[in-house]
Amino acid sequence: MLFTQSNAQRKFMDLIFERTTKYANWDPPAEIQVGSYGKIDKATGNFIPQGSIYSNDFQSLLRRVGIDPESDEHRPKDCPEESEFTAWSKNVRRLELNVESHAGVPGIATATIKGTWQFRRGTTGAILIMNKPRIKTISQDVLGKLSSIEFLKSVHLVIKVFYCPAYTLYLSDKSGENINIALLSSAPVVAPLGTVGAKAEVKWWSDAQAGLTRSGSMPDHCFTPLYELKHPRYSRAGRRSSISPERTGEDLWITPHLPWTSLDEDGQEPPVFIDNTPDSSDSEEESGL
């Protein structure tokens, strides 16, 4: 079966969420911004922002919990850059790429990211790879304060976003193929006068023959393939044990589940059958027995 756009997006999100408890962005060039709040559209899987904690309209709520909107304390913080982030679903195995078998691909031997992924026949699998990801996140102290805002319990808040200059994502069909993926580098581009250093251009190579692939590469960290959504925990007065540690920061928040039930291998929700047949007691009442 061929995936529809919404089925493919939701299935990909479903598989990556199962492994990471994070939300995959099917359209990484469309930026997901830290501090946005909203909901996931059940029909498409898109995050629908309804506002931002950095908007003027939100300032009064920030002040109530002790955050000065004029300061930078609630602004997202940049985490150190990582070399790579790779996630794949449970029905996928990563193997070492045989460089000799692909000697005709220029630069594959020195590719910074490369691998072979094996998909189980009859199932759908997903892969997400980011090169040099950099996380923007709301600090633990600010998350602790924001958790007291009652309004945020009715929406989902983007607390963390992965930015990267190159990504690739792949959603398989059920044929059980093996695919090879590599991030190839070209000769360094001479930096313009007045700037520091030269940057090597990179591009993705893959021999995938089936499934769906999306990828991109740019000099800057402009793609957002992955993000975290949270909403504050509901307080349960009197339920805390005297020896339980006090929750702080991100521990005051929980990850919302995806807004659909389990999807089948084609990305569709299994039909729900409702039995409208009256039981024996109803039949007896209607017959006057």
*Is the H74 ring parallel, tilted or perpendicular to the Y54 ring (thresholds 30°, 60°)?*
tilted
*asked:* Within the structure provided, determine whether K145 and E73 are in side-chain contact (heavy-atom separation under 4.5 Å).
replied: yes
_Candidates T213, I16, T168, I181 - the one meeting side chain to side chain contact (heavy atoms under 4.5 Å, CB included) with I127_ = I181
*When you look at H231 and K153, which way does the side chain to side chain contact (heavy atoms under 4.5 Å, CB included) test go after all the steps?*
CA-CA 6 Å; H231 65 75; K153 294 179 180 178; 5.6 Å; no
*State, with a plain yes or no, whether a side-chain heavy atom of L128 is found less than 4.5 Å away from one of F12.*
yes
*Salt-bridge contact D14-R10 (side-chain N to carboxylate O under 4.0 Å)*: no
*Applying the side chain to side chain contact (heavy atoms under 4.5 Å, CB included) test to K230, which of I138, I159, L157, L252 qualifies?*
I159
*Tell me whether V155 is reachable from L229 by hopping between hydrophobic residues (I, L, V, M, F, W, Y) whose side-chain heavy atoms are closer than 4.5 Å.*
yes
*Are I254 and Y227 linked, directly or through other ILVMFWY residues, by side chains that come within less than 4.5 angstrom of each other?*
no
_Determine whether a donor-acceptor pair (N or O, by modelled atom type, separation under 3.5 Å) exists between the side chain of S185 and the backbone of V202._
no
_For a quick check under 3.5 Å, do N91 and S89 share a side-chain donor-acceptor pair by atom type?_
yes
*How many angstroms lie between atom SG of C79 and atom CD of E81, to the nearest 0.5 angstrom?*
12.0 Å
*asked:* For D207, is there any backbone N or O sitting under 3.5 Å from a side-chain donor or acceptor partner on N180?
replied: no
*For K114 and A109, work out which heavy atoms get closest and say how close.*
NZ-O, 3.4 Å
*Under 4.5 Å between side-chain heavy atoms, hopping through other hydrophobics if needed: is there a path connecting L97 to I179?*
no
*Any donor-acceptor pair under 3.5 Å linking the side chain of E265 with the backbone of T124?*
yes
*Does the side chain of E70 reach to within under 4.5 Å of the side chain of Q59, using non-hydrogen atoms?*
yes
*Locate the shortest heavy-atom distance separating P232 from S147; write the atom from each residue and the value.*
CB-O, 3.7 Å
*Just wondering, are more than 12 heavy atoms of other shown residues or ligands nearer than 6.0 Å to CZ in R93?*
no
*Should V105 and V99 be regarded as members of a common hydrophobic cluster, given that ILVMFWY residues are connected when their side-chain heavy atoms come within less than 4.5 Å of each other, either directly or indirectly?*
yes
*Heavy-atom closest pair, residues G104 and P106*: O-CD, 3.3 Å
*Main-chain N/O of L143 paired to W253 side chain as donor or acceptor, under 3.5 Å*: yes
_Out of the candidates W26, W117, F119, only one should pair with Y170 under the ring-ring contact (aromatic ring centres under 6.0 Å, His included) rule; please name it._
F119
*Keeping the roles fixed (side chain from K22, backbone from V161), state whether a donor-acceptor pair exists under 3.5 Å.*
no
*Which atom pair, heavy atoms only, marks the closest approach of W204 to S215?*
CD1-CB, 3.8 Å
_Can you tell me how far apart CD (E177) and CZ (R121) are? Round to the nearest 0.5 Å._
11.0 Å
*Among M218, R134, K132, find the residue that satisfies the side chain to side chain contact (heavy atoms under 4.5 Å, CB included) test when tested with P165.*
K132
*So, Q9 and D27: side-chain donor and acceptor under 3.5 Å apart, yes or no?*
no
_Step-by-step side chain to side chain contact (heavy atoms under 4.5 Å, CB included) determination, I67 to V142_ = CA-CA 8 Å; I67 297 175; V142 170; 4.0 Å; yes
*Compare all side-chain heavy atoms of V34 with those of T137 and state whether any distance is below 4.5 angstrom.*
no
*Closest heavy-atom contact between L152 and L146?*
CD1-O, 3.6 Å
*With a 3.5 Å cut-off and no angle check, do the side chains of N98 and S101 form a donor-acceptor pair?*
yes
*For A30, does its backbone N or O pair with a side-chain atom of N25 as donor and acceptor, under 3.5 Å?*
yes
*With a cut-off of 6.0 Å (strictly less than), are more than 12 heavy atoms of other residues, nucleotides or ligands near NZ of K77?*
yes
*Write down the atom of Y163, the atom of E31, and the distance for their closest heavy-atom approach.*
OH-OE2, 2.6 Å
*Looking at CD of E228 and CD of E250, how far apart are the two atoms once the value is rounded to the nearest 0.5 Å?*
5.5 Å
*Just checking, is any N or O donor in the side chain of D57 or S55 under 3.5 Å from an acceptor N or O on the other one?*
no
*asked:* Please confirm whether the ring centroid of Y167 lies under 6.0 Å from the ring centroid of F162.
replied: no
_Donor-acceptor contact present, side-chain D173 to main-chain S175, <3.5 Å_ = yes
*Under 3.5 Å, is there a donor-acceptor pair between the T86 and E84 side chains?*
yes
*Assign the ring pair F58 / Y37 to parallel, tilted or perpendicular, where the plane angle (0 to 90°) is split at 30° and 60°.*
tilted
